[in-house]
Asker: 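Sending over a structure as structure tokens; questions will come in a sec.
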Amino acid sequence: MRATVQDLIRDEPVATAAIAVALGGMATILGAWFFQYVLGYPPCPLCLQQRIPYYVAIPLAVAVAVGALARWPRQLLALGLAAIAVTMLGSAGLAAYHAGVEWKWWPGPQSCGAALGDFGPGTNLLERVQSVRIVRCDEAAWRFLGLSLAGWNVLISLALAAIAAAGALTLRRQGSSSVSQ
């Protein structure tokens with residue numbers, strides 16, 4: 001018998017939620033890398049920090065999906081989904097902070113200037129300094145529909161947190177229905 005996507009969603013909602021988070025997270029990171037390496041938008045220090053929650057949530061979501069399909073204990077799966085939800089809420093908070101810095105609602109951290117890097121021996125210091133491109137945290141390099149990449153990250157992170165929380169709530173509902181039977 002051939003399983004469809006609808007069958008997976010109906011029969012394995014926890015795995016579906018985890019897969020959705022993993023795929024959404026991967027798409028977000030791939031998008032960030034596309035802007036950086038293909039379009040040439042270097043990330044600022046806050047941009048790089050916003051990637052860290054994805055580096056945590058993506059492998060955790062894959063582990064939860066595998067665990068759900070392998071019938072791991074529900075408490076372990078719920079803990080994994082809750083950890084993903086909290087991680088992505090933290091991501092949304094960091095992204096909202098960065099968006100506020102871009103809109104000049106509050107100052108950014110002192111580290112959001114240019115790192116000059118290693119000039120190495122025998123190089124012309126003046127030429128190197130003149131070639132440094134300063135990436136500031138308080139200037140949005142790109143906007144779409146009025147939102148910067150940090151603004152879009154707020155929305156994406158909240159959506160991924162909601163998906164993970166919905167998966168955890170599904171586990172809770174399943175647990176309470178099996179107890180009452």
Side-chain angles (χ1 to χ4, degrees), residues 5 8-9 12-70 72 75-103 105-106 108-115 133 135-171:
V5 172
L8 177 67
I9 292 170
E12 300 293 342
V14 173
T16 302
I19 291 167
V21 169
L23 291 176
M26 285 188 271
T28 303
I29 287 297
L30 289 173
W33 291 343
F34 178 79
F35 274 88
Q36 180 178 353
Y37 296 112
V38 176
L39 298 181
Y41 290 101
C44 73
L46 282 177
C47 294
L48 292 172
Q49 288 177 4
Q50 288 175 73
R51 296 177 187 184
I52 295 169
Y54 289 93
Y55 298 146
V56 172
I58 293 167
L60 185 54
V62 170
V64 169
V66 168
L69 295 173
W72 288 357
Q75 295 87 353
L76 186 59
L77 298 174
L79 182 63
L81 288 170
I84 293 168
V86 169
T87 300
M88 295 319 297
L89 285 175
S91 175
L94 180 58
Y97 169 72
H98 188 189
V101 169
E102 291 173 338
W103 285 105
W105 294 340
W106 44 74
Q110 293 295 321
S111 65
C112 283
R133 181 174 176 190
V135 181
R136 300 182 50 95
C137 294
D138 61 353
E139 296 175 2
W142 182 87
R143 291 189 188 272
F144 179 68
L145 298 177
L147 291 178
S148 66
L149 293 173
W152 284 105
N153 188 25
V154 172
L155 300 178
I156 294 166
S157 295
L158 288 174
L160 295 177
I163 292 167
L169 290 174
T170 298
L171 277 171

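Throughout, residue positions are numbered sequentially from 1 according to the sequence presented.
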Asker: Could you tell me which non-hydrogen atom of Thr87 sits nearest to which non-hydrogen atom of Pro53, and how far apart they are?
Answerer: CG2-O, 3.5 Å
Asker: Looking only at heavy atoms, which two atoms of Ala164 and Val21 are closest? And how far apart?
Answerer: N-CG2, 4.1 Å
Asker: Could you tell me which residues satisfy side chain to side chain donor-acceptor pair (under 3.5 Å) with Ser157, sequence neighbours excluded, listed by chain and number?
Answerer: Tyr54, Ser91, Asn153
Asker: Looking only at non-hydrogen atoms, find the nearest pair between Gly167 and Ala17 and report the distance.
Answerer: CA-CB, 4.0 Å
Asker: Between His98 and Cys44, is any pair of side-chain heavy atoms under 4.5 Å apart?
Answerer: yes
Asker: Working to the nearest 0.5 angstrom, can you tell me the gap between Met88 CE and Leu158 CG?
Answerer: 9.0 Å
Asker: Side chains of Leu46 and Tyr97: does their closest heavy-atom pair fall under 4.5 Å?
Answerer: yes
Asker: Below 3.5 Å, can you tabulate the donor-acceptor pairs from side chains in residues 33-40 to any protein atom, sequence neighbours excluded?
Answerer:
| from | atom 1 | to | atom 2 | distance (Å) |
| --- | --- | --- | --- | --- |
| Gln36 | OE1 | Arg51 | NH1 | 2.9 |
| Gln36 | OE1 | Arg51 | NH2 | 3.0 |

Asker: Testing the basics here: between Ala92 and Val154, what is the closest heavy-atom pair and its distance to 0.1 Å?
Answerer: O-CG2, 3.8 Å
Asker: For the atom pair CG (Leu94) and CG (Leu89), what is the distance rounded to the nearest 0.5 Å?
Answerer: 12.5 Å
Asker: Pair up each side-chain donor or acceptor in residues 77-85 with any protein partner under 3.5 Å, not counting sequence neighbours, and list the distances.
Answerer:
none

Asker: Do you know which two heavy atoms are closest between Gly25 and Leu160, and how far apart they sit?
Answerer: N-CD1, 3.9 Å
Asker: Is there a side-chain contact between Val64 and Leu76 in this structure, where contact means two heavy atoms from C-beta onward sitting under 4.5 Å apart?
Answerer: no
Asker: List the steps, then state whether side chain to side chain contact (heavy atoms under 4.5 Å, CB included) holds for Trp152 with Leu145.
Answerer: CA-CA 10 Å; Trp152 284 105; Leu145 298 177; 4.1 Å; yes
